[in-house]
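Residue indices begin at 1 and follow the sequence shown.
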Amino acid sequence: MPTDSVGRFLAALDPRQREAVEDRPREEQERLAAAWEEELEVDDELDTLDELSPPAAESEAARRVMDRES
């Protein structure tokens, strides 16, 4: 299991999105990972989901970050 924020963010993405993010420069990956961590911190709905299923909360936050990027 990845321990750095970029690795954890990539692991939370669906495979298609993961591939697209892996093709981006490292700085862009770090920016997206930071946005993902912020999403996890500030969204109360994700807090509730995190209590039930941490991987589901991480995937939902990753999806939201990528949706904003589109």
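Using a 4.5 Å heavy-atom cutoff, the side chains of Glu60 and Asp43 are not in contact. Arg8 has its side chain within reach of Trp36: a pair of non-hydrogen atoms, C-beta onward, lies under 4.5 Å apart.
At distances below 3.5 Å, not a single donor-acceptor pair connects side-chain atoms of Arg24 with backbone N or O atoms of Gln29.
Closest heavy-atom contact between Leu46 and Glu39: CD1-O, 3.5 Å. Ser59 and Ala12 make their closest contact through OG-O, 3.2 Å (heavy atoms, listed as atom of the first residue, atom of the second, distance). Shown here for Val6 and Arg26, the closest heavy-atom pair between the two residues is CG1-NH1, 3.6 Å.
Interatomic distance, Arg64 CZ to Glu69 CD, rounded to the nearest 0.5 Å: 15.5 Å. In this structure, the separation between CG on Leu10 and CD on Glu19 is 11.5 Å, given to the nearest 0.5 Å.
Checked for salt-bridge contact, Glu27 and Arg31 miss the test: no charged N lies under 4.0 Å from a carboxylate O.
Remark: Glu38 engages no residue in a side-chain hydrogen bond (donor to acceptor under 3.5 Å, both in side chains) (not counting sequence neighbours). In this structure, Gln17 has no side-chain hydrogen bond (donor to acceptor under 3.5 Å, both in side chains) partners at least two apart in sequence or on a different chain.
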Checking side chain to side chain contact (heavy atoms under 4.5 Å, CB included) for the pair Asp14/Met66: CA distance, chi angles, key distance, verdict? CA-CA 10 Å; Asp14 72 51; Met66 295 307 294; over 6 Å; no
Would you please test Glu30 and Phe9 for side chain to side chain contact (heavy atoms under 4.5 Å, CB included) and show each step? CA-CA 9 Å; Glu30 290 171 353; Phe9 172 64; over 6 Å; no
Using side chain to side chain contact (heavy atoms under 4.5 Å, CB included), reason through Thr48 and Asp44 one step at a time and then give a plain yes or no. CA-CA 7 Å; Thr48 303; Asp44 292 337; 5.9 Å; no
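Summarising the local packing, CZ of Arg68 is surrounded by more than 12 heavy atoms from other residues, nucleotides or ligands at distances under 6.0 Å.
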